[in-house]
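Structure incoming, see below.
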There are 2 protein chains.
Amino acid sequence: MTRESLARRPTIRDVADLAGVSTATVSYVLNGTAGQTITPSTRERVRRAADSVGYVPHRIARALREGRSPVVLLNVGAMIGGSTVATLVEGMSAELRRHGHSLLVTAEPGGIIADVIDAVAPRATLDLTVVTTGGEEDDVVSGVAAGDHAGFAFHTLAQLRHLVERGHRRIAFVGPAEDVPFARTRRAHARSAARQLGLPPLVETVIGGDEARRAETVERLVREEGVSAVAAHSDDVALAVLAGMATLGLRAPQDLAVIGFDEDAAARLWRPSLTTVRIDGAAYGRRAARVVLGLPVPEWDSAPSQVVLGEST
Amino acid sequence: MTRESLARRPTIRDVADLAGVSTATVSYVLNGTAGQTITPSTRERVRRAADSVGYVPHRIARALREGRSPVVLLNVGAMIGGSTVATLVEGMSAELRRHGHSLLVTAEPGGIIADVIDAVAPRATLDLTVVTTGGEEDDVVSGVAAGDHAGFAFHTLAQLRHLVERGHRRIAFVGPAEDVPFARTRRAHARSAARQLGLPPLVETVIGGDEARRAETVERLVREEGVSAVAAHSDDVALAVLAGMATLGLRAPQDLAVIGFDEDAAARLWRPSLTTVRIDGAAYGRRAARVVLGLPVPEWDSAPSQVVLGEST
DNA sequence: TTGTAAGCGTTATCAC
DNA sequence: GTGATAACGCTTACAA
């Protein structure tokens, strides 16, 4: 070991010098470059030299050279919501790491910021606020399960179908009062799901405000619109409906059945507990990782989502 | 305009050629480098050339040159929890952008992954799973409000103090059954808060499992331990306690008072509604941004956290 | 089988 | 006032 032991971070040059070879050879060895024939002994020498000086390749330099860095950018729109996004991030991150990449997350409602992209030159980007608007065409992540496109539309269909199976026909789709990431998308999917199921047009409204406002909303739905079931945009929204019902002394599912979406931990604690749709976020995350890396994406072997039975329907 | 209009992204060279100056001059002009005297006319020519070709500096190249990129890495431990982390990310991201930087988030329970760091060479990193432990880093981000250190310990103290003011002395601190990011930290803070308030040692337990298990936990607290109030690790946990009480037919706050932590939207919907601690995440986010950039951090002008009164205490 | 050297796009240190 | 040019650390033709 020479005086390389200084503060400076060891470069490929240091390794090359120590091993008595050129930087090219070091690069070939360390990257296992195909089509290069290096003698085992040289190989060994380089390896030793590398970890003797504690060499770790400089990713930025490599990124400059290659035009992209080994990171994937995911925009989730906002750091809120049920379990789907959380598990999606986990699954995607794990799968990417298995392939030498890193997942970096942003939470920009307006989509991925251009500055971020050129600050990191990501290998790929994925914007949840866009992907979920599917567009089966542009939804490569979801794939097909049991013959159907397994995107958000699919889960929404499952949500409504559950109500239909319970005998409901006059159904309301209730969204959040504030503008949250997937509000519009979900509404659109609900409409087309209703059509597919041969239902009359959905009653559409939003719920929010204080206790009185919530109760008012629910009352209108039940008394004026004659709705017998609610499909909610999310579990949060579903709980607001249940809360409004409690205020009015209405019971679920007798007076009004309620189903949530994107299972949230709090929903199981309610009385009555909430029936909701659980989405296999981790599986989508792993798929997303493979899609953006251009790896083959496996078939769905289990259901991408399922209705979790509670007492509210 | 020359044949630069090809697919290639314009470089500083292209601008220099078009403006008839050297790349150095372009760099000086575009970066407003101090201590350089450039004639207004040259300046103007460079500017024009730059946006005529649509030049945008290559951040990766700059990162290589400067040794770091204009991004800040934030590890949040996991994509779950109440509103604090969500608003913190928003606030931090906004403040960073005001200063030409970008925020990138990871959700690694074990701390920031080394690979990620050298993939992006961030200007700075911040690990929430570390910061909230009350070490030195915590100090700088949290600062001082009304004479007290305004960190997580402070909020925990506020949580317990609320119960004390309501006349409680035999108090339990209830955590989640699973291992979540800040569990240990919160527990430690709760212990020392109890000492500061001159309370007897806290009864410590966790809650989880199914309805029966939850009820059992609550029952033990009330009947065996003689506890009159619960300070919960989070709103989720607090709701589990309230649910257990409902199962047992116990009422809050008469039979057992419950206060949550890190306000979650669902908590306000409960009957009884949950008293909890709201933390000004956005403010912490802005402070964190300034700290990591080495900017002066303003004094707290409003409370860093406050108890939000519900019916449960 | 291995080495040389030309980039990748910037910034900053000199000269002029 | 401005311009060459040498880095930054790596990959990869192309030579040898």
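To find a chain, count down the sequence lines: A is the first, B the second, and so on, and within it residues start at 1.
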Rounded off to whole Å, could you give me the CZ-to-C1' distance for the B/Arg43 and D/dT2 pair? 12 Å

Indicate, with a heavy-atom threshold strictly under 4.0 Å, whether B/Thr39 touches base, sugar-phosphate, or nothing. sugar-phosphate

Do any side-chain nitrogens or oxygens of B/Ser22 fall under 4.0 Å of OP1 or OP2 in D/dT2? no

Nearest-Å distance for atom pair CD/C1', residues A/Glu44 and C/dT2: 18 Å

Could you check whether A/Glu90 pairs with A/Arg286 (Lys NZ or Arg NE/NH1/NH2 to Asp/Glu carboxylate O, under 4.0 Å)? no

Whole-Å distance separating the CZ atom of A/Arg45 from the C1' atom of C/dT2: 11 Å

List in chain and number order the residues that pass side-chain hydrogen bond (donor to acceptor under 3.5 Å, both in side chains) with B/Thr39, two or more places apart in sequence or in another chain; answer none if no residue qualifies. B/Thr42

Nucleotide by nucleotide, 5' to 3', does protein get under 4.0 Å of the base (B), only the sugar-phosphate (S), or neither (-) in nucleotides 5-12 of chain D, counting heavy atoms? BBBBBBBB

With heavy-atom distances below 4.5 Å as the criterion, would you say the side chains of B/Asp14 and B/Leu18 are in contact? no

B/Asp51, CG: over 12 other non-hydrogen atoms inside 6.0 angstrom: yes

Pairs involving residues 58-72 of chain B, ordered by first then second residue, that meet side chain to side chain donor-acceptor pair (under 3.5 Å) (sequence neighbours left out): none

If you round to the nearest 0.5 Å, how far is CG of B/Asp148 from CH2 of B/Trp300? 13.0 Å

